[in-house]
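Note that these values count all heavy atoms, side chains included, but never hydrogens, waters or copies made by symmetry. Chain letters run A, B, ... following the sequence lines, proteins first and then strands; every chain starts at 1.
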Protein chains: 2
Amino acid sequence: MQYPSIGLQGVSLGEKISCELRLQIIKGSIKLGTVLSENQIAAEFNASRSPVREALKTLSNEGLIRLERMGAVVLGLTPKDIEELCDVRCLIETFVIQRLSAMDHEGLIHTLNKTIDKMEMAAKHRDFVELSYQDLYFHEVMIHEADHTRILHLWNNIRYIVFTALLVATERRIVEETHEIEPLIEKHRLLVSALISKDSNYIQKVVQEHYEDTRKTVNNTVLNPKNL
Amino acid sequence: MQYPSIGLQGVSLGEKISCELRLQIIKGSIKLGTVLSENQIAAEFNASRSPVREALKTLSNEGLIRLERMGAVVLGLTPKDIEELCDVRCLIETFVIQRLSAMDHEGLIHTLNKTIDKMEMAAKHRDFVELSYQDLYFHEVMIHEADHTRILHLWNNIRYIVFTALLVATERRIVEETHEIEPLIEKHRLLVSALISKDSNYIQKVVQEHYEDTRKTVNNTVLNPKNL
DNA sequence: CATAGTATACCTGTATACAACTTGATTTTT
DNA sequence: AAAAATCAAGTTGTATACAGGTATACTATG
């Protein structure tokens, strides 16, 4: 699998390189502990050091690599990282939904339901890229709607990691057929119900369970692929 | 005021430039809406575009500027930003303290108390740089101790903004003498008590009040300076 | 044999060069 | 006079060049 070419239109070479590297790191094609050098990556991508440098800084900001004096060591996504990522998403989303529940969110509910429908469609057609994208979109649209620049920034900092991990996990989930898609859909419907309820405790509970579940699934697919 | 030269030793030119620009933006020396170009900044700092480019990307990641096709527009720190920053800090710190309270934190308590003492010392000597730094350190040491890489990443994304805003606010607070320092010290002692209590509700309450207060103070000093 | 010193190759940070594109004004045309 | 075309200045994205530092391997010397 290569990074979906959609969404790479018109973006700079540096971003393309960061997307490709990110995918390879999360997929495990690039092993943990590997030391990358700017020249080496530049050669691999037939590019100059400038965009590579930009890409490495991006990945460093995302915590996938650590820039050192000489070379960038690959940190990758450990089980601890997945856990922590879920912690953060849970924190953000609890905050966001609580905030949304105090706002007018009639249109949002509609959008969310429509997105879930699209997820079902994508699942039927085994289109894991589309399914991943709609999954991402579901959460992202809530965050945008919450109209909180800082929270949005936090999200943007993990957005690409989340999407890429989602891509990898969803592909394996669909290919291996070991995980049902139906529970995934149901989980998202629960989130909508939480938003509608406006019940702070219920929201907290639902979001926490959502990410409890995500944690397990991702751990089982991203980190323990059967076909590696 | 220039950015404190301590902590700029050995760092790259790009980082120095980002620190200086950040300070100027937060202080208001660079007005909101200003459009910065790489060439212009490079000329001002007698540097080439490479480090400037790096600095602009950093500031963009922090949300202080927005990179556009042509030029980078300065967003600055609006009252809404301050509010939101406090929201995020509150979210992070509540999580961190709750996590810490379930760990062995004997040594940490000692460090925190020592830091508060240093804050008192710095306040007596009207050393606002030191006071700001110890304030930052107080919160930072807790976050580090919580041993949560992702949360630490979130913190690192706002760390420089927080420190710079703290610098500006603390300077004005000390110079104008309109705000007492004693309440600030007391607020931090309360946080320690919250950590010791291990009482989830109490922790939430104390942290929330802490940032409620921070919000007010920073708004009154950073955004409404009397000597501007 | 061990160790100090050196040489070499490589890496990063910064500067400079170049090409494609955007923007705004000026000129030409209708 | 208004609109279209063109031209000029400036901007970003990328490539390349150079300087200073670091690690590794090899050599010489005790």
Side-chain angles (χ1 to χ4, degrees), chain A residues 3 5-22 24-25 30-76 156 160, chain B residues 3 5-22 24-25 30-76 156 160:
Chain A
Y3 195 85
S5 57
I6 180 70
L8 249 53
Q9 313 282 32
V11 310
S12 76
L13 185 50
E15 292 179 72
K16 287 181 194 162
I17 293 178
S18 66
C19 284
E20 201 56 49
L21 284 178
R22 190 186 296 111
Q24 291 188 24
I25 292 175
I30 301 181
K31 300 267 187 314
L32 306 207
T34 310
V35 175
L36 309 173
S37 95
E38 295 180 1
N39 280 316
Q40 165 213 340
I41 307 282
E44 279 175 30
F45 283 89
N46 267 98
S48 75
R49 277 179 53 211
S50 306
V52 172
R53 196 176 172 75
E54 184 191 327
L56 290 185
K57 204 191 170 194
T58 299
L59 297 182
S60 161
N61 268 328
E62 294 177 358
L64 288 176
I65 65 177
R66 185 181 58 233
L67 262 38
E68 299 195 338
R69 296 269 192 95
M70 306 203 58
V73 314
V74 174
L75 302 176
N156 282 334
Y160 283 104
Chain B
Y3 195 84
S5 58
I6 182 69
L8 250 53
Q9 312 283 29
V11 310
S12 77
L13 184 53
E15 293 180 71
K16 286 179 194 164
I17 293 177
S18 66
C19 284
E20 200 57 47
L21 284 179
R22 189 185 297 110
Q24 292 187 24
I25 291 175
I30 301 181
K31 298 268 186 316
L32 306 207
T34 310
V35 175
L36 309 172
S37 96
E38 295 180 0
N39 279 318
Q40 165 213 341
I41 307 282
E44 280 176 30
F45 283 88
N46 267 100
S48 76
R49 275 179 54 210
S50 307
V52 171
R53 198 175 171 75
E54 184 191 327
L56 290 185
K57 204 190 171 195
T58 300
L59 297 181
S60 161
N61 268 327
E62 294 177 358
L64 288 176
I65 65 177
R66 186 179 60 232
L67 261 39
E68 299 195 336
R69 294 273 187 92
M70 306 205 56
V73 315
V74 175
L75 303 177
N156 282 335
Y160 282 103

- How would you label the contact of A:Ser12 with the nucleic acid (heavy atoms, under 4.0 Å): base, sugar-phosphate, or nothing? sugar-phosphate
- Message: Taking any heavy-atom pair under 4.0 Å as a contact, classify B:Ser37: base, sugar-phosphate, or nothing.
- Response: sugar-phosphate
Please enumerate all residues that pass side-chain contact (heavy atoms from CB on, under 4.5 Å) together with [X], with sequence neighbours excluded.
{"X": "A:Thr34", "value": "A:Ile30, A:Lys31, A:Leu36, A:Val74"}
{"X": "B:Glu68", "value": "B:Arg66, B:Val73"}
{"X": "A:Leu67", "value": "A:Leu56, A:Ser60, A:Ile65, A:Ala72"}

Specify the separation, in whole Å, of atom [atom1] of [X] and atom [atom2] of [N].
{"X": "A:Leu67", "N": "C:dG13", "atom1": "CG", "atom2": "C1'", "value": "12 Å"}
{"X": "A:Asn46", "N": "D:dT14", "atom1": "CG", "atom2": "C1'", "value": "14 Å"}
{"X": "A:Leu13", "N": "D:dT12", "atom1": "CG", "atom2": "P", "value": "18 Å"}
{"X": "B:Glu54", "N": "D:dT12", "atom1": "CD", "atom2": "C1'", "value": "17 Å"}
{"X": "A:Lys57", "N": "C:dG13", "atom1": "NZ", "atom2": "P", "value": "11 Å"}

Heavy atoms only: give me the nearest [X]-[Y] pair and the separation to one decimal.
{"X": "A:Gly76", "Y": "A:Leu32", "answer": "CA-CD2, 3.6 Å"}
{"X": "B:Ala55", "Y": "B:Ile17", "answer": "CB-CG2, 3.7 Å"}
{"X": "A:Val35", "Y": "A:Met70", "answer": "CG1-O, 4.3 Å"}
{"X": "B:Pro51", "Y": "B:Leu13", "answer": "CG-CD2, 4.0 Å"}
{"X": "A:Asn39", "Y": "A:Arg49", "answer": "OD1-CD, 3.3 Å"}

- Query: Of all the nucleotides listed (D:dT16, C:dT12, D:dT12), which has the minimum atom distance to the side chain of A:Arg53?
  - Reply: C:dT12
- Sorted by chain and residue number, the side chain to side chain donor-acceptor pair (under 3.5 Å) partners of A:Thr58 (sequence neighbours excluded) come out as B:Lys57
- Query: If you find the nucleotide of DNA chain C closest to A:Ser50 and the one closest to A:Leu56, which residue's nucleotide is nearer the 5' end?
  - Reply: A:Leu56
- Nucleotide by nucleotide, 5' to 3', does protein get under 4.0 Å of the base (B), only the sugar-phosphate (S), or neither (-) in nucleotides 17-24 of chain C, counting heavy atoms? B----SS-
- Message: Tell me whether the side-chain N/O atoms of A:Ser48 come closer than 4.0 Å to OP1 or OP2 in D:dA15.
- Response: yes
- Query: In residues 38-45 of chain A, which ones come under 4.0 Å of DNA chain D, going by heavy atoms?
  - Reply: none
